[in-house]
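Residues take their numbers from the sequence shown, with the count starting at 1. Atoms considered below: every heavy atom in the structure, side chains included; atoms not considered: hydrogens, waters and symmetry mates.
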Amino acid sequence: MEVWRFDITDPSLGPLLESSYDPLLVTLSIAIACFAGLTALMLADRMVASPSPTSKNWWHVGGAVAMGCGIWAMHFSAMLAFSVEGHERMGYTLSLTVLSLIPAILGSGAALHFMAHPSLKVRQLLIGALLMAAGIGSMHYTGMEAMHMEGLRYHFPFFVLSIAVAFLLALASLYLHFRVRRLPAFSESGMTLVAGVFMGFAVAGMHYTAMGASRFYHSSVTVAHDSLLSQDGMAAAISGFAGLILGLSLLVTWVDRQKAIQRMLEHLANTDTLTGLPNRACFRRRLGQALSHSQRHSTRLAVMFMDLNDFKTINDSLGHAAGDRVLREFARRLTGPIRGEDAVARFGGDEFIMLIQDLAMPEDAIQTAERLLRIMDAPIEFEDWKFHAQASIGISIYPDDSEQADELIQQADAAMYQAKRHDSGYHFFDPNMTDRAMLRVRLGNDLRDALEQDQLFLHYQPQVNLQTGKWIGVEALARWHHPQEGDIPPSVFIPLAERIGLVVPLGEWALRRACQQGRTWLDAGMAFGRIAVNVAAPQLARPEFVKRLRHILESADLPARYLELEITESSLMNSDQSTINRLQEIRRMGVSLAIDDFGTGYSSLSYLKHLPIDKLKIDSSFVDGVMADPRDQAIIRAVADMGGSLGFIVLAEGIETEEQGQAVLQLGCRQGQGFFFARPADAESIDREPNEAQWDDASDDTM
């Protein structure tokens, strides 16, 4: 074997021989190179995604062998495409042919090592490209020595060029792979294919540039070789050996990728997308496993159900984006105090659930509950806002309360409502709560039927001119008489309607019924002023609300000036321009607009100047303390003065004594409403009142 193949003055060399390529086999060699490049990129991705160093190392070794065999197969398939005059049936030295595989594998291993880096610095990129080029170049020139050609010589400038091209193309391949990894997921697969093809062309480019440096001369020297591998044998070895390695690599990569996709889908199916916590389904499985563990080891466990107090106010006032940020922060704090064997999950909305295992006594759960409440006590701050998002926690214990997973969850949920009701922070399950919880579920189903079966009706509470004592209008209040449970208070079924998605049809029913009653009173000659009807935020948010309102008024043949819509302050605090436009259109129809529960929204008053409002209704919580609390007096006076300056009518709700009525009148309120004047009553009771004595003239100053 010649060691120095740059000397063309050797006397044993004859004339230069002609050489040629088979186009079909050249195409095949490039295809094999692209196939090897794609395999390398896929294996590099598997290395990056491997969860442990051991699996990462196995992917590294397997990838180096597969990629090296692919490059080796490309080289020798390209050599099969090459023929030299007089040497059409070329043979290959077996030992050198096998030896040439080693630098291909080592160069591929170096390339994969750098491909798997999370980020590549320039120095690492240059070293990786140099090692890859050195490995492929060594494989090429060792493989050239395996040819049975004593007259092989290299043109030195082309030889140097082939090394430079190998380095530059390796550099470009590594850089392209690194850029592909940083692409978004939707374009990564397509660009991986492009990068694999580029890498294949790069490897092929190295080979054919190096072949450009080769010169074949006729030689009279005959040297004994090791056992020769014929051209047919070489073709069989290439197609079998390389095809098997690359095929197995792609198969294993595809299977592993499918498993990774499956793991990702399972993760998505078991994870809450907003908070990153396990979701309800995952928690149920985890609880089932924990119950089995507790049964085997005779230990207790606790299920803690918790939610954020007044979270709806945050959503209504600042929007759902702010609410989402609060939930994420709440979830982050929950994960801090739990042990590895415990679990926490988001159950839905602002509800979270926690599993505490291996309790010695039920009272041990108190420590965890108090620790959670302390963690939640710190304010949540972002931008210019600060919230004290406190939680209520309900606790159920296995096996004291139940041995069934679903029952433990329901019991903890019921206990949480008890904690919320008593403002106690946390509460253990009481068996009596189950009956109340089941009643809420049953009432939710029955409320749907009640809307269809006319079990709902309206009561009307007069609104009064505080100066004259005359009635100037009525507020329509929904009532429900359940066939089995009797009268269900609005404080129960209105939140229930909001929770189960019936608040919109319930609100529309109230509007329709109130307008029909207004028409009846007008036909009877009753000057009732206006009928005020509460409108929920979900109703007002619907784009078709104005159209539905107009249709209801036209169907009842009630002039719009006899209707007043009451909207809670919290639902208006985050009003967008479309809501304001909707309110302006309603007002142009002639319908009056009032803000209900004014003063409880804890918001800036600057939004009032943007809203087309006619009346402010001061919340009854301020009227309760008007006789003894100077702060309540100051609030009522401030609202009355501000409302008067802005042209609003101001009405005080919840007046229950004559003294309260006189106090709010002296503080500037001209209208009032409450049990002192009249309790809510059905329409027939209102009809029986002496109209001349009770009803005001509905003059503009009181309307």
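- Here the side chains of Phe598 and Leu651 are not in contact, with every heavy-atom distance at 4.5 Å or above.
- A cation-pi arrangement is not found for Arg280 relative to Phe283, the charged atom failing to lie both closer than 6.0 Å to the ring centre and inside a 45° cone about the ring normal.
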Task: Leu522 vs Asp557, side-chain contact (heavy atoms from CB on, under 4.5 Å): CA-CA, chis, key distance, verdict - done: CA-CA 10 Å; Leu522 287 179; Asp557 193 24; over 6 Å; no
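- Salt bridge Glu329/Arg325: absent, no basic N to carboxylate O contact under 4.0 Å.
- Taking the six-membered ring for Trp and thresholds of 30 and 60 degrees, Tyr562 and Phe528 have ring planes inclined between 30 and 60 degrees apart.
- Considering every non-hydrogen atom in both Asp614 and Val591, the closest pair reads OD2-O, 4.4 Å.
- Side-chain contact check for Leu506 versus Leu456: some heavy-atom pair is nearer than 4.5 Å.
- Between Phe428 and Asp400 the shortest side-chain heavy-atom distance does not fall below 4.5 Å.
- At least one side-chain heavy atom of Glu653 sits less than 4.5 Å from a side-chain heavy atom of Asp597.
- Across all their heavy atoms, Asp632 and Ser621 have their closest contact at OD2-O, 4.1 Å.
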- [ ] Starting from the C-alpha separation in whole Å, work towards a yes-or-no answer on side-chain contact (heavy atoms from CB on, under 4.5 Å) for Phe545 and Ile586.
- [x] CA-CA 10 Å; Phe545 176 71; Ile586 292 171; 3.6 Å; yes
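- Note that the CZ atom of Arg637 and the CG atom of Asp641 stand 7.5 Å from one another [nearest 0.5 Å].
- A salt bridge is defined here as a Lys NZ or Arg NE, NH1 or NH2 lying under 4.0 Å from an Asp or Glu carboxylate O, and Asp682 with Arg479 fails to meet this definition.
- Note on Arg448 versus Glu452: no salt bridge recorded, every NZ/NE/NH1/NH2 to OD/OE distance being 4.0 Å or above.
- Ile636 contributes atom CD1, which lies 9.0 Å from atom CD of Gln660 (distance to the nearest 0.5 angstrom).
- Summarising the geometry of Val535 relative to Leu540, their closest heavy-atom pair is CG1-N, 4.2 Å, with the distance given to 0.1 Å.
- Of the inter-residue distances, the one linking Gln666 atom CD with Leu466 atom CG reads 11.0 Å to the nearest 0.5 angstrom.
- Between Tyr460 and Trp521, the ring centre distance stays below 6.0 Å.
- Side-chain contact check for Arg548 versus Leu511: every heavy-atom pair is 4.5 Å or farther apart.
- For the atom pair CG (Leu408) and CD1 (Ile395), the distance works out to 12.5 Å, reported to the nearest 0.5 Å.
- Taking all atoms of both residues into account, the shortest heavy-atom contact from Ala331 to Thr275 is CB-CB, 3.6 Å.
- Using a cut-off of 4.0 Å between Lys/Arg side-chain N and Asp/Glu carboxylate O, Arg588 and Glu585 are scored as not salt-bridged.
- A heavy-atom distance below 4.5 Å is found between the side chains of His551 and Ser555.
- Side chain of Arg587 to backbone of Gly590: no donor-acceptor contact under 3.5 angstrom is found.
- A donor-acceptor contact closer than 3.5 angstrom is absent between the side chains of Gln411 and Ser396.
- What you find for Ala640 and Val650 is that their closest heavy atoms are CA-CG2, 4.0 Å.
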- [ ] Show your working on side-chain contact (heavy atoms from CB on, under 4.5 Å) between Gln517 and Leu458 and close with a plain yes or no.
- [x] CA-CA 10 Å; Gln517 184 60 53; Leu458 292 180; over 6 Å; no
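- Between Arg519 and Asp523 there is a salt bridge, with a side-chain nitrogen of the basic residue lying less than 4.0 Å from a carboxylate oxygen of the acidic one.
- Within the 3.5 Å criterion, the main-chain N or O of Trp480 finds no donor-acceptor partner in the side chain of Gln455.
- Side chain of Asp272 to main chain of Asn279: no donor-acceptor pair is present (N/O by atom type, distance under 3.5 Å, no hydrogens or angles).
- Note that the CE atom of Met589 and the CG atom of Leu553 stand 5.0 Å from one another [nearest 0.5 Å].
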Open item on the list: Assess the residue pair Phe347 and Arg284 against the criterion (side-chain contact (heavy atoms from CB on, under 4.5 Å)); give the C-alpha distance rounded to whole Å, side-chain angles, the decisive distance to 0.1 Å, and a yes or no.
Closed with: CA-CA 10 Å; Phe347 210 68; Arg284 288 184 185 276; 3.8 Å; yes
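- For the 3.5 Å distance criterion, the side chains of Gln671 and Gln463 fail to qualify, holding no donor opposite an acceptor.
- Separation of atoms CG (Asp307) and CD (Glu351) is listed at 6.0 Å; rounding is to 0.5 Å.
- In this structure the side chain of Arg670 never reaches within 4.5 angstrom of the side chain of Asn465, judged on heavy atoms.
- Side-chain atoms of Asp413 never come within 3.5 Å of backbone atoms of Ile409 as a donor-acceptor pair (strictly under, hydrogens ignored).
- With respect to Lys617 and Glu475, a salt bridge is recorded, a charged nitrogen being found less than 4.0 Å from a carboxylate O.
- When all heavy atoms of Gln461 and Phe675 are compared, the closest pair comes out as NE2-CD2, 3.7 Å.
- Two residues are said to be in side-chain contact when any heavy atoms from C-beta on lie closer than 4.5 Å; Phe352 and Leu372 fail this criterion.
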